[in-house]
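Worksheet: the structure to be examined is printed underneath.
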Amino acid sequence: MERNPLRRQLQIMRKSLFDQGYLDEQFVQLEELQDDSNPNFVEEVVTLYYRDSARLILNIEQALERKPYNFHKLDAYMHQFKGSSSSIGAKKVKAESTLFREYCKSGNGEGCMRCFQQLKKEYATLRKKLEAYFQVARQAGPMETACRPK
Amino acid sequence: MMLGNCATSSSLSTTSDEDIVNNNLTALVVDDSPMIRKLHDMHLKKFGLKVQVAENGKNAIDLFRCGASFNLILMDKEMPIMDGAEATRELRTMGVTSMIVGVTSLDSIFDRQAFMEAGLDHCFTKPLTTENINFLLQELNKNNEEN
């Protein structure tokens, strides 16, 4: 058991992110790439994700304001967004992206709208949780090699 | 020793013959996403490769035209200015024999097949995993031994 209180807190936060389904195995792959010469690699990648994906979120929002919906375009945007989200292991966000694409394929505009609102909630929640996590991580200092959640 | 799943700095501290072989290998990551470029750059460097990045297919072509060469090219499909399929076709027309690996989020078999037919050696779903990279390095080292 981790004795350092900050590292202990970090372990608890990390476990919670996995147990509550916010993150998946891909996040562990990111952690395994982080080392002493790149101690903030995971945070940097996540920061780039939120920067890149903000543009896609905006594109989807704008596309949902135009009627009739262009489901092909919506699907294409969400496909890109899903790919990016997969890259950081954003499990719930990815799940909502998959659902959105299914609504696109079936031409269900209301489903798309509802799903998109839920997706944005998950996206924002994950961002807050990761920001809090990285803040503690910076205070705690470098950790040991990433371990897979049980 | 082929580097396994946990390519941490501690596991990189022992040099083996295959580490030396990997250190001679060069790679070009071609992707319009800064996040993916960073991810694949780091992933490949962990395995000892020297890595450069390009934002789109045209930039990749320009690098080759300026005399650069790489053992491995990771090529995204959907990019502005010049996409991955067009860039791959152009590189093959130029006589580039590097291993070109498509790394795409395309989920249609038809789209993947079309991308492969542009001249790829392999095509994976992004992001690349440690297992994918291990496989590619084995293929690259095999090709080097044959030549």
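Reminder, nothing fancy here: chain letters follow the sequence lines and each chain counts from 1. These values consider heavy atoms only, across backbone and side chains, with no hydrogens, waters or symmetry-generated copies.
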Is it the case that B/E117 and B/Q113 place a side-chain donor and acceptor less than 3.5 Å from each other?
->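 Yes.
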Return yes when atom NZ of A/K105 has more than 12 non-hydrogen atoms of other residues, nucleotides or ligands closer than 6.0 Å, and no otherwise.
->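 Yes, the 6.0 Å shell around NZ holds more than 12 heavy atoms from other groups.
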Might you confirm whether atom CD of A/E110 has over 12 heavy atoms from other residues, nucleotides or ligands at distances under 6.0 Å?
->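 Not more than 12 within 6.0 Å, no.
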When you look at B/T104 and B/K126, which way does the side chain to side chain donor-acceptor pair (under 3.5 Å) test go after all the steps?
-> CA-CA 5 Å; B/T104 176; B/K126 66 165 87 169; over 6 Å; no
Same cluster for A/L10 and A/L6 if Ile/Leu/Val/Met/Phe/Trp/Tyr side chains link at under 4.5 Å?
->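 Same hydrophobic cluster.
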Would you call the rings of B/F124 and B/H122 parallel, tilted or perpendicular if under 30° counts as parallel and over 60° as perpendicular?
->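 Because their plane-to-plane angle is under 30°, the rings of B/F124 and B/H122 count as parallel.
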Is any residue of residues 46-61 of chain A within less than 4.5 Å of chain B by heavy atoms, and which ones?
->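 At a heavy-atom separation under 4.5 Å, chain B is reached by A/L48, A/Y49, A/R51, A/D52.
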Indicate yes or no: does B/D111 engage B/K77 in a salt bridge with an N to O separation below 4.0 Å.
->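 The answer is no: the pair does not qualify as a salt bridge.
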Part of A/Q26 lying under 4.5 Å from any heavy atom of chain B =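 Contact with chain B: side chain only.
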For chain B, which of A/S37, A/G83, A/S84 has the most heavy-atom pairs under 4.5 Å?
->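 Looking at each of A/S37, A/G83, A/S84 in turn, A/S84 comes out on top.
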